[in-house]
Protein chains: 2
Amino acid sequence: MQDQSEASPCVALDAATPEVLGDDAIERLRAIAIQHGAVAAGTRIFRAGEPFRAIYGVRIGAIKAIRYDGAGEEQVVAFHLPGEFFGLTGIHSDRYVNTAVALERTAVCGLPYQRLFHVANDHPRLRRQLMRLMSGVILTEQDQYAAMAGHTADARLAFLLLDLRERMSRGGALQDRLRLPMTRAELGSSAGLAPETTSRVFQQFRRRELIEASGRNIRFLDLAGLRRLAVPLTHPGDGSGRTTAA
Amino acid sequence: MQDQSEASPCVALDAATPEVLGDDAIERLRAIAIQHGAVAAGTRIFRAGEPFRAIYGVRIGAIKAIRYDGAGEEQVVAFHLPGEFFGLTGIHSDRYVNTAVALERTAVCGLPYQRLFHVANDHPRLRRQLMRLMSGVILTEQDQYAAMAGHTADARLAFLLLDLRERMSRGGALQDRLRLPMTRAELGSSAGLAPETTSRVFQQFRRRELIEASGRNIRFLDLAGLRRLAVPLTHPGDGSGRTTAA
DNA sequence: CGAAGAATTGACGAACGTCAAATCGAGTGG
DNA sequence: CCACTCGATTTGACGTTCGTCAATTCTTCG
């Protein structure tokens with residue numbers, strides 16, 4: 001279930017091991033994957049409206065997927081962390097619909113879609129893995145939606161923090177410290193909250209001794225308390241972990 | 001682009017014509033598709049936690065995908081209209097994560113996933129179509145999310161009504177009348193709003209002469225006005241229509 | 001060291017949820 | 001066919017939550 005994201009998530013699609021995909025598929029994926037070097041914070045990987053060419057995996061760093069609201073206001077649609085894939089919506093539209101921006105120094109790898117499709121032509125197990133990957137993205141999307149709709153600012157942010165904690169500890173034990181790659185404003189935007197509200201909820205969490213937070217550095221003090229606040233996300237009979245996001 | 005949903009959306013995957021899929025693929029899809037008879041409102045197609053077997057398409061009627069919030073409160077995740085597919089999240093989890101309930105007299109067709117996968121083994125174009133389908137679902141999910149997050153009740157409901165109008169006129173010209181398959185409470189829940197708020201916004205729309213509404217029957221009086229209210233959904237350089245939803 | 005952006009804090013008002021009660025409407029059994 | 005009944009919808013009153021505007025402090029990076 002764990003992976004070595006830093007190596008290349010594009011070759012370990014959705015945490016698939018070589019045993020799952022087969023050596024030949026791994027080999028050919030490696031051949032078509034484009035390993036991009038690290039880029040600075042603020043770099044755009046692609047922009048909304050550009051023709052779709054490849055899906056991307058995060059190797060190091062973090063990505064935000066954003067849209068521009070009517071008034072040109074930025075709205076965060078999702079965050080993408082190491083081991084996760086993004087740009088998948090382009091498959092349907094032949095164009096990217098979101099803009100992808102690096103939140104910090106970030107390295108991604110690209111899988112040109114046409115070539116990926118050709119490789120999949122020879123590898124049923126890769127095909128199955130791709131379907132699982134996309135299904136997992138739909139799932140995370142729905143989880144996020146359900147966690148936000150109709151809940152208080154407390155519940156949304158508690159959910160987001162716990163979610164980020166899980167996703168940022170891929171392949172290792174869950175940490176009780178983490179460094180957020182995004183600003184309060186970006187975190188709030190992804191939860192449909194104003195920056196000030198986000199900041200106030202952080203203060204409240206501190207007062208209640210649920211977390212310590214100095215700037216972007218977070219320390220979890222009371223996980224049980226946070227979980228009580230957050231939306232439960234009842235996946236009945238679910239023992240498995242989370243998946244990559246769009 | 002149009003389809004004959006009532007015949008069988010399972011054979012016209014995501015509005016794919018026979019020319020797109022090829023006659024043989026169509027034939028084999030027809031062979032594995034299970035055409036279920038119409039069921040009464042309130043019937044559960046599947047429940048969260050049940051083992052995943054098939055993805056479903058809506059032929060006639062409407063489906064709501066729901067989850068149960070911590071306190072056992074029902075939360076609407078999505079609506080599914082004729083021609084659209086649901087149950088796709090099961091691919092990842094091997095279980096259904098939502099419960100699917102018929103909102104009115106509804107007929108669906110099932111595509112057993114293992115068999116579908118086998119058919120796709122022989123048909124690259126079907127594989128491509130499946131990827132497009134799932135990508136489209138991710139896209140609609142994100143659209144919905146972006147339209148709800150951080151916007152007023154007015155904007156959310158205006159968006160939802162316009163969205164339902166488009167989706168309920170598949171294959172035909174857009175109607176300015178439609179009959180909503182869901183209650184105010186369900187509509188509100190899917191937008192993260194209380195039933196009372198939903199009702200009040202409807203009253204406001206009536207006073208402003210944006211719509212007529214008696215019970216579930218809606219008539220659009222001022223589309224331009226509604227669009228001004230609703231969230232723009234800027235898909236830059238986008239001339240295409242919408243897609244099926246999860 | 002300085003500057004620009006990020007985070008915090010306060011005050012205020014608008015938007016929305018909650019509780020409660022009244023009305024409407026569709027389906028049902030007699 | 002009609003009265004009845006249960007749920008859906010509406011309406012009102014009220015309190016809470018959250019967004020907005022504005023000012024201040026803190027960080028980070030050049």
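Note that the coordinates shown come from a computational prediction; the quantities given were computed from them, not determined experimentally. Scope of the values below: all heavy atoms of this structure, side chains included, with no hydrogens, waters or symmetry mates. Within every chain, numbering begins at 1; the chains are lettered A, B, ... in the order of the sequence lines, protein sequences first and strands thereafter.
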Salt-bridge criterion met for A/Glu186 and A/Lys64 (N-O under 4.0 Å): yes
Rounded interatomic separation in angstrom, taking CD from B/Gln203 and P from D/dG12: 10 Å
Touch class at under 4.0 angstrom, heavy-atom based, for B/Gly188 against every strand present: nothing
B/Arg206 side chain near D/dT10 phosphate (N/O to OP1/OP2, under 4.0 Å): yes
C/dG25 base / B/Arg216 side chain donor-acceptor hit below 3.5 Å: no
Spacing between A/Leu103 atom CG and C/dA6 atom C1', to the nearest angstrom: 14 Å
Whole angstrom value for the distance that separates P of C/dT8 from CD of A/Gln204: 13 Å
A/Arg184 to A/Phe202, cation-pi by 6.0 Å centre distance and 45° axis angle: yes
Residue A/Thr183, side-chain heavy atoms: nucleotide from D/dT20, C/dC16, C/dA6 that is nearest: C/dA6
SB check B/Arg167 B/Glu84 (cutoff 4.0 Å): yes
Distance-only donor-acceptor test (3.5 Å): side chain A/Arg184, base C/dT9: no
Closest to side chain of A/Arg200, choosing from D/dT11, D/dT28, C/dT9: C/dT9
Between C/dG25 (C1') and B/Asn217 (CG): distance, integer Å: 12 Å
Selected nucleotide, minimal atom distance to B/Ser199 side chain, candidates C/dG17, C/dA7, D/dT10: D/dT10
base_contact_polar (D/dC18 base, A/Glu196 side chain, donor-acceptor, <3.5 Å): no
Integer-rounded Å distance: C/dG17 C1' and A/His151 NE2: 13 Å
Listed nucleotide nearest any side-chain atom of B/Leu193, set C/dT18, C/dG17, D/dT9: C/dG17
Nearest to side-chain heavy atoms of B/Ala194, which nucleotide of D/dA22, C/dG17, D/dC18: C/dG17
Whole-Å gap separating C1' (D/dT27) and CE (A/Met182): 18 Å
Pair A/Arg67 + B/Asp143: basic N to acidic O under 4.0 Å: yes
Sugar-phosphate only, base, or nothing, as touched by A/Thr152 at under 4.0 Å among non-hydrogen atoms: sugar-phosphate
Gap between atoms CG and P, on B/Asp154 and C/dC16 respectively (whole Å): 6 Å
Distance in angstrom units between B/Leu187 CG and D/dT10 C1', rounded: 16 Å
Step-by-step side-chain contact (heavy atoms from CB on, under 4.5 Å) determination, B/Arg165 to B/Ile218: CA-CA 10 Å; B/Arg165 173 168 177 266; B/Ile218 300 293; over 6 Å; no
